[in-house]
Amino acid sequence: MTVFRTGRTLAFAVLGACVMAISACATEEGYRQHMSTEMGRASDDIMMRWGPPQNRSSMSNGREMWSYTKTTVDEQDGYYRDETRQVKRTFTDKDGKQKTETIEETFPVWQPPRVYRSTCSTRFVMGGGRVEDVTFEGDGCVAEELK
């Protein structure tokens with residue numbers, strides 16, 4: 001049972017890490033590449049790596065569809081950032097002439113906390129005890145591209 005949970009936890013941890021890695025290397029294409037390596041895997045292997053499906057549906061052609069959905073929530077703390085503006089100021093000089101000068105002011109601006117949610121739904125079509133097809137959708141379906 002421990003191995004089963006560890007495999008599932010590892011798979012979701014990897015997916016979560018990929019989702020959190022919002023960088024040029026974590027892409028939908030990378031996720032597609034990783035999912036293509038699942039093709040032909042035995043259903044027991046998928047079960048060990050992904051855990052039990054959250055939904056299992058029988059298809060009319062005798063195959064089964066196993067569905068997994070992962071939602072990742074990232075929270076960003078609130079913070080202050082500096083904002084700089086140019087301000088024009090009009091004044092009268094010592095000779096009584098009006099002059100305008102432009103000065104830069106820098107002041108703190110509060111950026112409130114934000115919550116980012118991303119979801120990835122992955123579906124495996126299982127036939128003959130093996131993965132025959134993999135589809136996915138969602139903004140959280142990202143992974144590092146394979147070399």
Side-chain angles (χ1 to χ4, degrees), residues 1-91 99-147:
M1 184 71 170
T2 303
V3 173
F4 185 78
R5 285 181 172 240
T6 303
R8 179 179 186 184
T9 302
L10 179 61
F12 281 154
V14 168
L15 286 174
C18 291
V19 168
M20 289 179 5
I22 302 175
S23 66
C25 61
T27 64
E28 183 178 316
E29 177 58 29
Y31 194 80
R32 180 176 288 105
Q33 291 171 358
H34 282 272
M35 291 303 98
S36 71
T37 66
E38 302 289 355
M39 295 296 291
R41 284 196 192 271
S43 57
D44 289 342
D45 191 25
I46 296 297
M47 191 80 80
M48 291 298 295
R49 294 163 47 91
W50 287 72
Q54 293 161 330
N55 189 20
R56 192 183 289 212
S57 305
S58 295
M59 300 174 74
S60 63
N61 59 8
R63 295 180 176 97
E64 271 192 333
M65 182 168 39
W66 292 7
S67 301
Y68 298 85
T69 299
K70 173 69 176 165
T71 300
T72 302
V73 178
D74 290 323
E75 296 182 26
Q76 181 183 45
D77 293 335
Y79 63 95
Y80 283 98
R81 66 174 175 79
D82 286 338
E83 187 170 295
T84 303
R85 288 188 220 178
Q86 290 187 342
V87 178
K88 289 188 179 186
R89 179 174 82 137
T90 303
F91 63 96
K99 292 190 173 184
T100 301
E101 71 178 356
T102 302
I103 60 171
E104 277 193 359
E105 293 180 331
T106 302
F107 53 94
V109 175
W110 174 248
Q111 294 298 130
R114 297 177 78 179
V115 175
Y116 299 95
R117 281 187 168 72
S118 56
T119 302
C120 180
S121 296
T122 305
R123 291 171 299 283
F124 295 94
V125 174
M126 308 302 281
R130 298 214 169 268
V131 176
E132 291 186 352
D133 192 21
V134 181
T135 59
F136 59 88
E137 64 185 349
D139 57 352
C141 299
V142 295
E144 187 173 327
E145 293 187 19
L146 300 174
K147 304 272 180 204

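- Heavy atoms from other residues, nucleotides or ligands lying under 6.0 Å from CZ of R81 number more than 12.
- Atoms CE and CZ, on M48 and R41 in that order, are 12.5 Å from each other to the nearest 0.5 Å.
- Using modelled atom types, one side-chain atom of Q33 and one backbone atom of L146 make a donor-acceptor pair closer than 3.5 Å.
- Looking at heavy atoms from C-beta onward, Y68 lies in side-chain contact with P53 at the 4.5 angstrom threshold.
- Looking at heavy atoms from C-beta onward, E101 lies in side-chain contact with I103 at the 4.5 angstrom threshold.
- Here the shortest heavy-atom pairing between R63 and G127 reads CG-CA, 4.1 Å.
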>> If you apply the rule side-chain contact (heavy atoms from CB on, under 4.5 Å), what do you find for M47 with D45, and how did you get there?
In response: CA-CA 5 Å; M47 191 80 80; D45 191 25; over 6 Å; no
> How far apart are the C-alpha atoms of V125 and M59, what are their side-chain angles, what is the distance that settles it, and do they pass the side-chain contact (heavy atoms from CB on, under 4.5 Å) test?
Replying inline: CA-CA 9 Å; V125 174; M59 300 174 74; 4.0 Å; yes
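- With values rounded to the nearest 0.5 angstrom, C141 atom SG is found 12.5 Å from K70 atom NZ.
- If you take CD on E64 and OG on S43, they are separated by 8.5 Å, rounding to the nearest 0.5 Å.
- For the 3.5 Å distance criterion, the side chains of E145 and T27 qualify, holding a donor opposite an acceptor.
- Of the N and O atoms on the side chains of Y116 and T72, not one donor lies less than 3.5 Å from an acceptor on the other residue.
- Between E132 and R130, none of the side-chain N atoms (NZ, or NE/NH1/NH2) sits under 4.0 Å from a carboxylate O, so this pair counts as no salt bridge.
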>> Does T122 form a side-chain contact (heavy atoms from CB on, under 4.5 Å) with V134? I'd like the steps, not just the answer.
In response: CA-CA 7 Å; T122 305; V134 181; 4.0 Å; yes
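- V131 places a side-chain heavy atom less than 4.5 Å from the side chain of I46.
- The NZ atom of K99 lies 12.5 Å from the OG1 atom of T90; values are rounded to the nearest 0.5 Å.
- Residue C120 holds its SG atom at 3.5 Å from OH of Y31, rounded to the nearest 0.5 Å.
- Residues forming a side chain to side chain contact (heavy atoms under 4.5 Å, CB included) with T135 (at least two apart in sequence, or on another chain): R123, D133.
- A donor-acceptor pair is defined here as one N or O able to donate and one able to accept, closer than 3.5 Å; such a pair exists between the side chain of Q54 and the backbone of T69.
- Put simply, the side chain of E83 does not reach to within 4.5 Å of the side chain of E105, judged on heavy atoms.
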> Going through the checks in order, is the side-chain contact (heavy atoms from CB on, under 4.5 Å) test met by D74 and V115?
Replying inline: CA-CA 6 Å; D74 290 323; V115 175; over 6 Å; no
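- Two rings, from F124 and W66, have their centers 6.0 Å or more apart.
- No side-chain heavy atom of Y80 sits under 4.5 Å from any side-chain heavy atom of Q111.
- Using a 4.5 Å heavy-atom threshold, the side chains of D139 and S118 count as touching.
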